[in-house]
Amino acid sequence: KIAAFWIQQMGVDGFRLDAIPYIVEEGSCLMGCAGTHAFLAEWAAYLHGIAPEAWTVGEAWGNLDAVMPYYPDQLTSYFGFEIADSIVQAVRRGSSGGMLSGYLRLQDTLPQYRYSPFLSNHDGTRVMTLLHGDTARMREAATLLLTLPGVPFVYYGEEIGMLGSKPDPMLRTPMQWAPRPGYGFTTSSPWEPAQSDSMTTTVAAQDRDPGSLLNLYRRLIHLRRDNDALVAGILIPLTGGGDQVIGYLRKASGRSVVLVVGNLGDMPVTDVSLQAQAGALRPGTPSTRDLLGSTRSRMRIEQVPSGSLAIHLSETVAPHQILVLEVKN
């Protein structure tokens, strides 16, 4: 009845379910019990009976093994906790090692619309706090999240870089819309005090600044919506370039290809060379277009004796810069 009310009378598109392993407890079984799976399967069938396009996402902590008992008939999508941690940790330590492994496991197992990466949620320290207020690293994390596969989620406030750490109520303070009493969130008294940056880190301060974190999120979200490779393209990891370099392709059917190259470190990287699997691109000198700015990148692709490809960029990638390039190959 609750689902029908929100779908049929309120017009929502779907539901986010918290802590799905704990819906039903049976004797000594407290997590992932048979009754939980039976309930979710029955609920999903009912929901799709009244709204075939309804979309659901649920919270099952852990890696891919923790998700699979709920797949394929219980929810549409599942939060990717493993891949959320991989992005934040790579940005924090300035090293790309292992960042894509969770994404590749998910890609090999589930369709892209069946898993949902994120950077933080209502239970974990906010990313800007983890990054000690480093906006450049925050921009890196946002760009990686929104150029990798899956159906990404943005926890409110991350798009402006709000601070927040435990206890839980301080992770869930009012959205900082404007620097005034109530923070633009309410005309009454908020149930929790806001963060120390509540009068400076606001939507109002970032809205009209084209270089703000908020407007980067907007650009990335629109870019993702409009680019076939970023919407549904397969993820092809690139190797080489050094530990501080992250590189990957997103490749859709047809000729839609996006190359992402990031410098996670504190020193510039010049003349980046990366390796790709055979057939990922065609050898030659394709034209590129910077999807986030006006960088002019010269790119050369060579076949190497092993059969793989070498991708050369004649460009200096600044510390904490991420290039998002459309490749005409």
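Atom set for the values below is all heavy atoms of this structure, side chains included, hydrogens, waters and symmetry mates excluded.
Every residue two or more places apart in sequence or in another chain was checked for a side-chain contact (heavy atoms from CB on, under 4.5 Å) with Ala45, and none qualifies. Not a single ring pair (Phe, Tyr, Trp, His ring centres under 6.0 Å) links Tyr103 to another residue, sequence neighbours left out.
In this structure, the ring of Phe118 has its center no less than 6.0 angstrom from the ring center of Tyr155.
When each of Tyr115, Trp61, Phe153 is paired with Phe79, the ring-ring contact (aromatic ring centres under 6.0 Å, His included) condition holds for Phe153 and for no other.
Cluster annotation: Leu235 is connected to Leu64 through the hydrophobic network of ILVMFWY side chains, with a link wherever side-chain heavy atoms come within less than 4.5 Å. Ile311 and Val317 fall within the same hydrophobic cluster, where Ile, Leu, Val, Met, Phe, Trp and Tyr residues are linked whenever their side-chain heavy atoms come under 4.5 Å apart, directly or through other members.
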Legend entry - Thr147 and Leu230: CA distance, side-chain angles, deciding distance, side chain to side chain contact (heavy atoms under 4.5 Å, CB included) verdict: CA-CA 6 Å; Thr147 56; Leu230 295 179; 4.1 Å; yes
Inset, instruction - Determine, stepwise, if the pair Gln195 / Thr201 fulfils side chain to side chain contact (heavy atoms under 4.5 Å, CB included). - result: CA-CA 9 Å; Gln195 302 293 341; Thr201 302; over 6 Å; no
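Aromatic ring orientation, Trp43 versus Phe39: parallel (interplanar angle below 30°, classes split at 30° and 60°). Aromatic ring pairs are classed by plane angle as parallel below 30°, tilted from 30° to 60° and perpendicular above 60°; the pair Tyr78 and Tyr70 is tilted.
Using modelled atom types and a 3.5 Å distance limit, the side chains of Ser165 and Thr129 yield no donor-acceptor pair. With no hydrogens or angles considered, no side-chain donor-acceptor pair links Thr186 and Ser188 at under 3.5 Å.
Without hydrogens or angle criteria, Arg298 side chain to Thr288 main chain gives no donor-acceptor distance under 3.5 Å.
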